[in-house]
Amino acid sequence: MKRFMENWLGSIERLGNRLPDPVSLFLILIALTMLGSALAAALHVSAVHPGTGEAINAVNLLSAAQLQKLLLEMPQTFTGFAPFGMVLTVMLGIGIADRSGLIGAVLRAFVTRMPPSLLSGTLVFAGILSHVAADAGYVVLIPLGALLFHSAGRHPLAGLCAAFAGVSAGFAANLLLTALDPVLAGLTQAAARLLQPDYSVAVTANYYLTAALAPAFILLGVLITEKLIEPYLGPYEGSQQEASPDQGIGPVESKGLWLAAGILLIWVIVVLVWTVPEHGLLRSASGTLEPFYKSMVALMMIGFLLPGIAYGLATKKIRNDKDAVALAAESMSDMGHYIVLAFMAAHLIVLFQWSNLGIIIAIKGAALLQQLGLQGLILILAFMLITGLLDLFIGSASAKWALMAPVFVPMLMLLGYPPELTQAAYRIPDSVTNVLTPLMPYFPLVLIFGRKYVPSFGVGSLITLMLPYSISFGVASTLTLVAWMMFGWPIGPGN
């Protein structure tokens with residue numbers, strides 16, 4: 001069985017890596033999107049929005065008006081690409097911490113003290129918890145996972161995959177509530193009120209299920225990483241000198257680590273002072289923590305920057321402001337390939353939105369399920385399948401649910417299924433397929449992280465390595481949901 005899996009994964013990787021360079025691939029997809037939009041517009045492809053009743057028509061991206069819009073808005077499209085600013089902001093802090101030697105020292109200290117058997121599980125678990133910090137886990141934890149494995153003498157791509165699985169494929173699981181919970185609950189409630197005007201959906205609507213999935217995903221993540229991905233990758237043939245666990249922590253480094261830890265502790269206290277009091281700096285006028293969540297990227301950047309500078313000063317890696325600026329500039333120079341990829345990815349995603357093809361696909365898919373007349377569990381599974389397929393084209397969980405909830409929530413309510421269950425059935429496939437689509441905004445960034453260790457790492461390689469996580473997480477979470485339905489267990493408090 002093991003040999004079969006390795007041969008199967010190898011075949012997928014070879015096929016996928018025959019694709020062009022990711023930059024060229026995005027350019028090809030842009031061309032296909034523009035041609036597809038022209039064909040769809042010529043055929044008068046359209047759909048009716050289930051919530052507003054508005055007719056949505058396919059837009060020809062090759063028309064004079066759309067080409068002019070593309071050229072006029074090209075700078076804004078690029079700079080407005082959601083992950084772009086987040087990545088570069090956090091990388092300023094991480095760059096200082098990395099180039100000063102802080103991250104390497106922390107990793108050596110961490111690896112020498114952590115039992116090897118806990119490393120994979122820790123990464124997957126940390127990835128799941130990172131959902132509280134919105135998308136920051138993509139920027140921070142995934143490269144950290146590769147570094148940790150590299151430091152432990154294991155293949156860094158295996159660490160990258162374990163972290164990516166927790167951060168992205170494991171988005172349906174968490175022991176804590178995240179910013180996505182109130183967004184989905186609000187959309188579900190609005191859809192439910194189409195039938196019952198007084199229906200209320202709690203933010204905790206899916207908490208019991210998502211909390212139960214967390215340990216299952218951690219266990220599966222460990223098994224896949226250690227029993228399948230690492231044997232498939234084999235020994236890492238790159239340099240181990242950058243972060244060898246055999247390099248001890250000397251007195252100067254130890255002093256730097258203590259100083260960095262003290263600075264980080266002070267920063268954590270400052271953040272707590274800004275968030276815990278009801279009228280703290282990072283509280284909204286109504287007392288919510290929304291400003292804190294939205295500031296997470298900036299807070300993390302400073303949380304890397306200040307300890308990195310402190311460590312550099314203690315070890316004499318940084319002697320003045322010019323040294324610090326030079327280290328920051330060096331870290332930004334490593335992001336050149338990502339910037340090119342981000343330019344292409346930003347335009348692919350925005351053109352797909354302008355064409356209306358994603359919205360039309362979502363509405364047509366929902367209509368197809370209604371026409372098939374499916375009932376019961378088969379309908380739930382078909383709904384989950386459609387959601388997973390749509391996730392390959394529309395990455396935003398809230399955007400898809402805004403389109404699908406007005407159709408499926410009332411439809412399943414009429415069949416006896418509560419809105420909270422429909423929301424849970426949506427979350428599972430929306431999560432597990434995130435790691436398989438180049439249209440996911442952070443997909444190019446993960447490729448760049450991988451290429452740091454394996455220059456030939458391509459789209460096919462990444463999809464191949466993440467496919468086992470996607471399949472196993474999908475099967476396990478689907479079976480868990482089915483069991484929940486069969487036994488009639490509450491999905492969340494008050495259900």
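Not measured: the values here are computed from a predicted model.
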Quick one: does F473's side chain get under 4.5 Å of S431's, heavy atoms only? no
Original post:
Counting N and O atoms only, with roles assigned by atom type, does the side chain of S120 sit under 3.5 Å from a partner on the main chain of V222, one being a donor and the other an acceptor?
Top reply: no
Quiz item: Is a side-chain donor or acceptor of T315 paired with a backbone partner of E253 at a separation under 3.5 angstrom?
Solution: no
Inset, instruction - Evaluate the side-chain proximity of M485 to L481: yes if any heavy-atom separation is below 4.5 Å, no if none is. - result: yes
Margin query: Is it true that R427 and T422 share a donor-acceptor pair across their side chains at a distance under 3.5 Å?
Written below: no
For P429 and G388, the nearest pair of non-hydrogen atoms, with its separation, is CB-N, 3.7 Å
Here the gap from I266 atom CD1 to I263 atom CD1, rounded to the nearest 0.5 Å, amounts to 4.5 Å
ask   = Do the side chain of W484 and the main chain of P490 share a donor and acceptor less than 3.5 angstrom apart?
value = yes
Tabulate below the donor-acceptor pairs under 3.5 Å that side-chain atoms of residues 295-305 make, not counting sequence neighbours, or state none.
{"residue": "S295", "atom": "OG", "partner": "P291", "partner atom": "O", "Å": "2.7"}

Q.
In this structure, is the centre-to-centre distance between the rings of Y236 and H150 below 6.0 Å?
A. yes
Output for pair (I428 CD1, L209 CG), nearest 0.5 Å, gives 5.5 Å
May I ask you to check whether Y138 and S168 show a side-chain donor-acceptor distance below 3.5 Å?
-> yes
| said: For the backbone of A169 and the side chain of N434, can you confirm whether one donor and one acceptor N or O come within less than 3.5 Å of each other? | reply: no
Taken to the nearest 0.5 Å, the spacing of I96 CD1 from D323 CG works out to 9.5 Å
Separation between CG (L348) and OG1 (T77), nearest 0.5 Å, reads 12.0 Å
Rounding to 0.5 Å, atoms CG (L118) and CG (L123) come to a distance of 11.0 Å
### Task
Taking the side chain as every heavy atom from C-beta outward, state whether T204 and D181 have any atom pair closer than 4.5 Å.
no
Pi-cation contact, F149 with R154 (under 6.0 Å, within 45°)
yes
Taken to the nearest 0.5 Å, the spacing of I386 CD1 from L381 CG works out to 12.5 Å
By side chain to side chain contact (heavy atoms under 4.5 Å, CB included), L479 pairs with (sequence neighbours left out) V475
(request) Compute whether any side-chain donor of one residue and acceptor of the other, for Q423 and N206, lie under 3.5 angstrom apart. (result) yes
request  = Side-chain contact test, heavy atoms from C-beta onward, threshold under 4.5 Å: evaluate it for M466 versus C161 and give yes or no.
outcome  = yes
query = Would a 4.5 Å heavy-atom cut-off, applied to side chains only, mark L160 and P143 as touching?
reply = no
For the residue pair L465 and L233, establish whether any side-chain heavy-atom pair is separated by less than 4.5 Å.
-> yes
Check: L257 and L102 side chains under 4.5 Å, non-hydrogen atoms | yes
Check: Do L147 and Y453 touch side chain to side chain, with heavy atoms closer than 4.5 Å?
Finding: yes
Just say parallel, tilted or perpendicular for the rings of F383 and W401, cut-offs at 30° and 60°.
-> tilted
Sequence neighbours excluded, the answer for side-chain hydrogen bond (donor to acceptor under 3.5 Å, both in side chains) partners of T225 is Y469
